[in-house]
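Predicted, not measured: the structure shown is a model, and the values here were computed from it.
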Amino acid sequence: MSFQIPRGTQDILPEQAAKWQYIEQIARELCRRYNYQEIRTPIFEHTELFLRGVGDTTDIVQKEMYTFEDRGGRSLTLRPEGTAAVVRSFVENKMYGYPNQPVKLYYMGPMFRYERPQAGRFRQFVQFGVEALGSNDPAIDAEVIALAMDIYRSLGLKKLKLVINSLGDVESRKSHRQALIDHFQPRIHEFCDDCQARLHKNPMRILDCKKDRDHELMRTAPSILDYLNEQSRTYFEKVQMYLQKLGIAFEVDPRLVRGLDYYNHTAFEIMSEAEGFGAITTLCGGGRYNGLVQEIGGPETPGIGFALSIERLLAALEAEGISLPISEGIDCYVVALGEQAKEEAVALVAALRQEGVAAEKDYQDRKVKAQLKAADRLHATYVAILGEDELQKGVINVKHMATGEQQEVPLDIFVSHMKNVLK
RNA sequence: GCGGCUAUGGCGAAGUGGUUAACGCACCAGAUUGUGGCUCUGGCAUUCGUGGGUUCGAUUCCCACUAGUCGCCCCA
């Protein structure tokens with residue numbers, strides 16, 4: 001074996017690719033209905049963008065970035081997530097000046113993180129995500145969540161759990177942060193190393209720790225929800241009200257903390273509850289990021305979005321035993337016998353294709369029997385057999401594979417005949 | 001970054017310190033001089049992830065590496 005695919009990446013072979021196309025099509029169609037428009041940004045950006053946008057205390061920035069220097073000495077990074085780049089483009093192209101606000105965008109493409117691969121985790125993976133920039137209406141939070149749920153439901157997923165939380169605004173977070181430090185500080189030595197490090201860096205993450213999950217201080221820890229100021233609480237309540245109005249079931253989990261620094265107010269996650277799903281159950285994560293646009297150098301602009309991984313979506317479909325309605329099989333396989341017929345078959349196949357018929361022929365110099373077998377393997381609806389006899393009579397033998405019925409069709413009307421029977 | 005398990009033909013999968021590496025599926029050919037899906041017959045791994053080591057001899061034992069997989073951390 002001379003070459004192999006880089007670690008944590010995968011080839012999407014034709015059979016799988018058909019599923020990808022189907023999912024992409026559903027996602028695009030729903031974006032059309034929700035009026036989100038596609039934006040395509042580069043696969044790499046200046047490293048500085050992610051340091052700023054994602055936050056330099058995050059794991060992503062600290063240990064997961066594919067960073068390299070180009071020949072001009074610039075530090076570039078393969079994008080580890082989509083939001084920073086979309087916001088960069090929003091600012092750079094002055095989209096805050098667009099007449100239609102909020103600006104509603106979606107993107108779909110590969111992201112890169114240098115991590116150890118595992119079930120549902122890759123070094124290159126594809127995210128579909130949306131961003132709504134310029135609105136502070138809790139209804140847009142609900143819309144974004146609804147769009148994510150709609151995508152999953154349209155594909156047939158049932159075993160989903162939507163969890164939401166509010167991280168509050170800057171003021172609320174500050175007071176909650178202090179309350180957490182006061183709560184854990186006296187007994188922090190009873191916690192794991194990670195938690196001890198988190199105490200001052202990001203005490204909220206202690207609540208997320210799985211090792212110390214059962215420590216009594218965890219149960220009694222101050223909840224962010226108790227520290228939301230008036231404005232933040234009202235906002236969160238409205239988001240919930242709208243979700244109810246949309247008939248979307250959810251659970252409030254005050255311990256839900258999103259990994260990226262830029263989140264505030266609404267945070268949410270959609271998980272799969274399917275049996276036998278791997279350890280990583282998060283299908284989609286998102287939230288509000290009101291400070292980010294300014295951080296990237298634009299005017300103060302609120303924003304909310306989510307990102308979901310197509311790989312995990314496929315895994316969820318698999319876990320729920322859902323097969324997508326992928327059409328397979330060609331319309332007509334032209335079987336040729338003899339030199340003259342072979343030459344003729346090339347023209348016939350071309351003519352069929354010209355008229356929109358999916359057609360194939362043999363290129364392996366197979367015998368009739370083997371050509372039929374090949375047609376069968378390709379799930380051809382029809383087979384058209386052309387030999388010496390047919391050429392003599394100016395006809396072609398059209399056989400319906402499922403019924404075995406066969407009829408002679410004059411060569412000059414063959415293509416239109418096929419178009420007819422295939423309707 | 002850390003830990004467990006794994007690595008045999010296109011795929012699935014048995015197996016042994018000793019010289020022919022089971023079997024199933026798929027594929028190819030023939031039985032069937034021009035007709036698929038069924039049946040029968042035959043063919044299909046100079047080789048057991050890569051590199052070292054132990055040994056008279058290793059696919060089988062040991063080590064390293066690479067990759068996969070599951071989990072931790074974290075996340076999509």
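- Sequence neighbours left out, the pairs with a member in residues 383-417 of chain A that pass ring pair (Phe, Tyr, Trp, His ring centres under 6.0 Å) are A/Tyr382-A/His400.
- Non-hydrogen atoms lying under 4.0 Å from RNA chain B are contributed by A/Ile385, A/Glu388, A/Asp389, A/Glu390, all within residues 381-395 of chain A.
- When the nucleotides B/rG36, B/rG34, B/rA76 are ranked by their closest atom to the side chain of A/Thr282, B/rA76 comes out on top.
- In this structure A/Glu216 satisfies the side-chain hydrogen bond (donor to acceptor under 3.5 Å, both in side chains) test together with A/Arg187, sequence neighbours excluded.
- Checked by distance alone, A/Arg312 brings a side-chain donor or acceptor within 3.5 Å of a matching partner on the base of B/rC75.
- Aromatic ring pairs are classed by plane angle as parallel below 30°, tilted from 30° to 60° and perpendicular above 60°; the pair A/Phe268 and A/Phe306 is perpendicular.
- The base of B/rG71 lies outside donor-acceptor range of the side chain of A/Arg121, with no N or O pair under 3.5 Å.
- At a threshold of 4.0 angstrom between heavy atoms, the contacts of A/Ala307 are confined to the sugar-phosphate backbone, with no base atom among them.
- Not counting sequence neighbours, the partners of A/Ser232 by the side-chain hydrogen bond (donor to acceptor under 3.5 Å, both in side chains) test are A/Asp169, A/Ser172, A/Asn229.
- Qualifying ring-ring contact (aromatic ring centres under 6.0 Å, His included) partners for A/Tyr152, counting only residues two or more places apart in sequence or in other chains: none.
- With respect to the salt-bridge test (charged N to carboxylate O, under 4.0 angstrom), the residues A/Arg28 and A/Glu38 qualify.
- At the heavy-atom level, A/Gly129 lies nowhere under 4.0 Å from the strands shown.
- Heavy atoms of A/Gln406 sit under 4.0 angstrom from at least one base atom.
- Between A/Thr281 and A/Thr403, it is A/Thr403 whose nearest contact on RNA chain B lies nearer the 5' terminus.
- Screening residues 112-133 of chain A for ring pair (Phe, Tyr, Trp, His ring centres under 6.0 Å) gives A/Tyr66-A/Tyr114, A/Tyr106-A/Phe128 as the qualifying pairs, with residues at least two apart or on separate chains.
- Residue A/Gly8 is in sugar-phosphate contact alone, with no base atom involved, counting any heavy-atom pair closer than 4.0 Å across all strands shown.
- At a threshold of 4.0 angstrom between heavy atoms, the contacts of A/Arg113 include nucleobase atoms, whether or not backbone atoms are also involved.
- Listed by residue number, the members of residues 331-350 of chain A with any heavy atom below 4.0 angstrom from RNA chain B are A/Leu337.
- The side-chain hydrogen bond (donor to acceptor under 3.5 Å, both in side chains) analysis of residues 329-350 of chain A, with sequence neighbours excluded, yields the pairs A/Lys342-A/Asp365.
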Show me the dot-bracket string of RNA chain B, counting Watson-Crick or G-U pairs under 3.5 Å, with | for pairs to another strand and [ ] for crossing ones. (((((((..(((.....[....))).(((((.......))))).....(((((..]....))))))))))))....
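- Not counting sequence neighbours, A/Gln10 has no partner by the side-chain hydrogen bond (donor to acceptor under 3.5 Å, both in side chains) test.
- The base of B/rG36 is paired with the side chain of A/Lys399 by a donor and an acceptor separated by under 3.5 Å.
- A/Phe122 comes within 4.0 angstrom of a nucleotide base, judged by non-hydrogen atoms across all strands.
- Rounded to whole Å, the separation between the C1' atoms of B/rG51 and B/rU66 comes to 10 Å.
- Checked against ring-ring contact (aromatic ring centres under 6.0 Å, His included), A/His379 has no partners two or more places apart in sequence or in another chain.
- Across all strands shown, A/Glu115 has heavy atoms under 4.0 Å from base atoms, whether or not it also approaches the sugar-phosphate.
- With sequence neighbours left out, A/Tyr289 forms a ring-ring contact (aromatic ring centres under 6.0 Å, His included) with A/Tyr262.
- Among the heavy atoms of the strands lying under 4.0 Å from A/Ile280 is at least one base atom, whether or not backbone atoms are also near.
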